[in-house]
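We count ligands from 1, going down the list as the structure has it; atoms in each ligand are counted the same way.
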Amino acid sequence: MQHKNFKNIDKVTYGRGSFNQLAETVEPIRKENNKYFVYVVDNYFKGKELVKRFQNKPEDLVYFIDVDPHEPTTEQIDSLRDEILAKKGLPSGVIGIGGGSIMDIAKALSLMLTNEGSSTLYQGLNLIKKAGIYHLGVPTISGTGAEVSMTAVLTGPEKKLGLKCDWTVFNQVILDPELIASVPTDWWFYTGMDTYIHCIESESGIRNNAFSLAYGETALKLCREVYLGENSGQTPENNDKLMVASLMGGLSLTYSEVGVCHSLSYGLSKIHGTRHCYANCIIFQHLGDIYGSAHTEFMKMIEKHKIELPQNLSKDWDDATLTAMAQVSLNLPFMWHHAFGDDWEKTVNLDYIKGLFKRM
Ligand code: NAD
Ligand code: ZN
């Protein structure tokens, strides 16, 4: 068995108000390359008070990006890279401020500023040829674990696949729980459930181990306090916890694997464009026979926070659509292997997966 060997984030700052340390944190890097920074920022923050706290210099480039029309694309990264290099040459670093989409844009941009050609050439594991430039992530919504992962997920003309290598991992992350206070309740729920599901899937399968469980159990305890505890809800104390849970959930799945929900989620997202965390919630509500008590707990959280998930989606999916969705899921054999063990192929095939999608 090959044991996983992953690079971690070089440095992490955590705490309320830690965003104020951004400028001093990047100051030593400013002497690199053409001595300026590129900020990629979720459009939500345009005109908001946070922008005044960037302490960016006049030479820096600040891009506000609307992440809602679509998840990050290869074309978007390529044209942003070309524009930046044409304007001012190689920056000292990239600073990403936003959710999972912005984290992925910052990571991908850092790599593509030094690797020639289109980002479509590098979608996959260890295809990147050269180290990217310094990149720093400031998450403003918690759950996906994109702040800690070694992948920058991009949708290209042919595939939705990450630029995945050691150089993808952030050099620095600043975790300031104050920044997630403004997340709308539905997103707070969906993204937090992504963490919850990462931990449940990581522990419910053959690849779990003491290392992945230690992170997963801590993250699960935090999720339970945030979504089910006496003081559940979007309070400052809970935001402190959720930000840590997201990072630890990401580490848990990194050292184990995700399972049935994530495998189906890729099928749903790929064919219908459903957002990752939302897709997971739509699916997990139907996996009671597979995830037992975790499913019961998930349904309690849905009820407690009055979340309404869409029902009967599959009535609009013909056989060809279901087959296409199931094919995407079946192409993730390591997730099915983790979830069902060495004999997974005795249970899991195209028809079985189509059956799971028909529940939705
Ligand atoms: P997101 O970045 O897509 O943002 C979701 C919404 O929340 C957007 O409308 C955004 O404007 C808004 N938002 C963000 N911060 C806010 C704040 N503080 N206040 C108010 N609104 C705010 O959300 P996400 O779910 O974190 O990220 C999804 C993306 O992450 C997808 O593109 C997916 O492919 C990717 N992803 C990456 C990894 C990874 O390991 N790299 C893992 C899972 C998912
Ligand atoms: Zn996920």
Side-chain angles (χ1 to χ4, degrees), residues 6 9 19 40-46 48-50 64-74 76-77 96-108 111 123 135 137-156 159-165 168-170 173 176-202 219 234 239 242-243 245-247 249-254 257-266 268-270 273-281 283-284 332 335:
F6 286 118
I9 309 166
F19 185 74
V40 284
V41 186
D42 191 306
N43 203 40
Y44 167 82
F45 293 103
K46 196 171 186 179
K48 298 272 192 318
E49 182 268 343
L50 188 74
F64 289 99
I65 299 175
D66 185 355
V67 301
D68 286 326
H70 53 75
E71 295 190 333
T73 65
T74 50
Q76 182 183 18
I77 298 298
I97 303 171
S101 301
I102 292 285
M103 294 296 100
D104 284 353
I105 291 173
K107 292 195 273 187
L111 296 168
Q123 285 178 285
H135 49 306
V138 184
T140 64
I141 183 167
S142 290
T144 63
E147 66 275 25
V148 69
S149 75
M150 65 173 303
T151 185
V153 183
L154 297 181
T155 304
K159 43 195 171 188
K160 180 180 171 181
L161 196 61
L163 310 183
K164 203 170 176 186
C165 69
T168 313
V169 181
F170 278 115
V173 165
D176 183 343
E178 283 178 3
L179 303 188
I180 65 173
S182 55
V183 171
T185 306
D186 49 353
W187 276 104
W188 165 79
F189 189 83
Y190 307 142
T191 51
M193 285 306 105
D194 192 26
T195 292
Y196 178 80
I197 296 166
H198 289 160
C199 299
I200 296 299
E201 296 197 311
S202 165
Q234 277 175 290
N239 290 341
L242 190 57
M243 209 158 220
S246 173
L247 185 122
L251 287 170
S252 179
L253 79 85
T254 298
E257 191 49 81
V258 284
V260 178
C261 184
H262 272 74
S263 165
L264 297 175
S265 176
Y266 288 110
L268 183 60
S269 292
K270 173 78 190 164
T274 316
R275 312 289 288 221
H276 178 78
C277 305
Y278 185 47
N280 283 342
C281 289
I283 295 160
F284 203 76
L332 298 162
M335 296 185 193

Can you find a heavy atom in the side chain of [X] that is under 4.5 Å from one in the side chain of [Y]?
X	Y	result
Ser263	Glu201	no
Asn43	Val67	no
Asn280	Met193	no

Looking only at distances, please establish whether an N/O atom of ligand 1 is found under 3.5 Å from an N/O atom of [X].
X	answer
Arg275	yes
Asp104	yes
Asp68	yes
Leu179	yes
Gly100	yes

At a non-hydrogen distance cut-off of under 4.0 Å, which region of [X] contacts ligand 1 (side chain, backbone, both, or neither)?
X	value
Phe45	side chain
Thr151	both
Thr140	both

- Per atom 42 (C) of ligand 1, closest listed option by heavy atom (Leu163, Ile65, Thr144, Ile105): Thr144
- Message: Taking 4.0 angstrom as the limit and counting only heavy atoms of Ser182, give me the atoms of ligand 1 inside it, by number and element.
- Response: 17 (C), 18 (N), 19 (N), 20 (C)
- Note on the structure: Counting from 1 in the order shown, the ligand 1 atoms closer than 4.0 Å to a non-hydrogen atom of Pro72 are 32 (O)
- Locate the shortest heavy-atom distance separating Ile97 from Ile102; write the atom from each residue and the value. N-CG2, 3.4 Å
- Query: the Zn ion (ligand 2) to His198: any N/O/S contact under 2.8 Å?
  - Reply: yes
- Item | Under 3.5 Å: donor-acceptor pair, side chain of His135, backbone of Ala108 | no
- Query: Is ligand 1 less than 4.0 angstrom away from at least one heavy atom of Gly98?
  - Reply: no
- Item | Any Gly143 heavy atom less than 4.0 Å to ligand 1 | no
- Query: Has Lys48 got more than 12 heavy atoms of other residues, nucleotides or ligands less than 6.0 Å from its NZ?
  - Reply: yes
- Query: Do Glu147 and Ser246 have side-chain atoms, one donor and one acceptor, less than 3.5 Å apart?
  - Reply: yes
